[in-house]
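All values below come from the heavy atoms of this structure, side chains included, with hydrogens, waters and symmetry mates left out. Index from 1, following the sequence.
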Amino acid sequence: CPLQEPWVLAHKAEGFFEMEEANVKEIIKEATKDKNGTYSFCFETYNITELLSTVHPEHEIRDDAHAAITDLLTGVVSHLLFTATQLSRCASSEAKEHVVVTAKHVVAAVPLVMPGELSVHGKREVEKNVSKFESSPEFQANPEFQAASPQQMASIADSAGLQLWLKPWTRKALHEHVLGKTVVSEGAFVALSGAAEYMGLEILELSGNASRDFRSREIIPWHLNLA
């Protein structure tokens, strides 16, 4: 799965992120089939179909639109994590080789990454997910708890009230491409999942509305552009 989109890297140096129409068009343009006729994206990175059934249960999503929204959410998660890492470094009084990113750093990064009203509502939703996670038995027993298996990750997501959660391979890719030696707490992964879920639901709801306006029950890339 591509986790470092050109437009995400271009915004890193400037320290802000705006999801403009050109960004969405670029992502959709990159969502093309490879020489074997299959899409070079991990469709299972996020529970897109499950999220869609929440807002538009009667709709379906076409493969190229699925690939585009997967890449879009990955870009949001990557930039959130990069921004949270920078905030963690700034908050640290000492120059440490290993930076620890916690849920509060991700929550603080949401207004810096998401544009407009999305940042207000997104931050509120992420805070709810983090609060539920911190009330879970796993966190209460050990605040430094780290999920070691997909089953534990799914259990944590359920306790935080999340449908979407970052899979093991997504976490590994983020470490390799964004973090380096940065340590990410389980609470930070919950916050990142909450932000991705909120953005995914917003995009899917608007895309579904656009497809319904054109009397279609299948979401295509054009509907993402309209959203």
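Between the side chain of Gln163 and the backbone N or O of Asn47 there is no donor-acceptor pair closer than 3.5 Å. Within the 3.5 Å criterion, the main-chain N or O of Arg212 finds no donor-acceptor partner in the side chain of Ser216. In this structure, the side chain of Ser88 does not engage the main chain of Ala84 through any donor-acceptor pair within 3.5 Å.
Pro221 places a side-chain heavy atom less than 4.5 Å from the side chain of Arg62. Counting only heavy atoms from C-beta outward, the side chains of Ile156 and Leu162 never approach each other to under 4.5 Å. Residues Glu60 and Ile219 form no side-chain contact, since every pair of their non-hydrogen atoms from C-beta on lies 4.5 Å or further apart. With contacts defined as side-chain heavy-atom distances shorter than 4.5 Å, the pair Thr49/His66 qualifies. Taking 4.5 Å as the limit, every side-chain heavy atom of Val100 sits out of range of all side-chain heavy atoms of His105.
Every residue two or more places apart in sequence or in another chain that forms a salt bridge (charged side-chain N to carboxylate O under 4.0 Å, His left out) with Glu186 is listed here: Arg171. Remark: Asn142 pairs with Glu144, Phe145 by the side-chain contact (heavy atoms from CB on, under 4.5 Å) rule, at least two apart or across chains. Judged as a side-chain contact (heavy atoms from CB on, under 4.5 Å), and not counting sequence neighbours, the contacts of Arg124 are Val120, His121, Lys128.
Scanning both residues, Leu81 and Val184, for their nearest heavy atoms gives CD1-CG2, 4.2 Å.
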Any chance you could lay out the ring pair (Phe, Tyr, Trp, His ring centres under 6.0 Å) test for Trp165 and Phe189, step after step, and finish with the verdict? CA-CA 8 Å; Trp165 51 283; Phe189 279 124; over 10 Å; no
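Between the side chains of Ser159 and Glu138, no donor N or O sits under 3.5 Å from an acceptor N or O.
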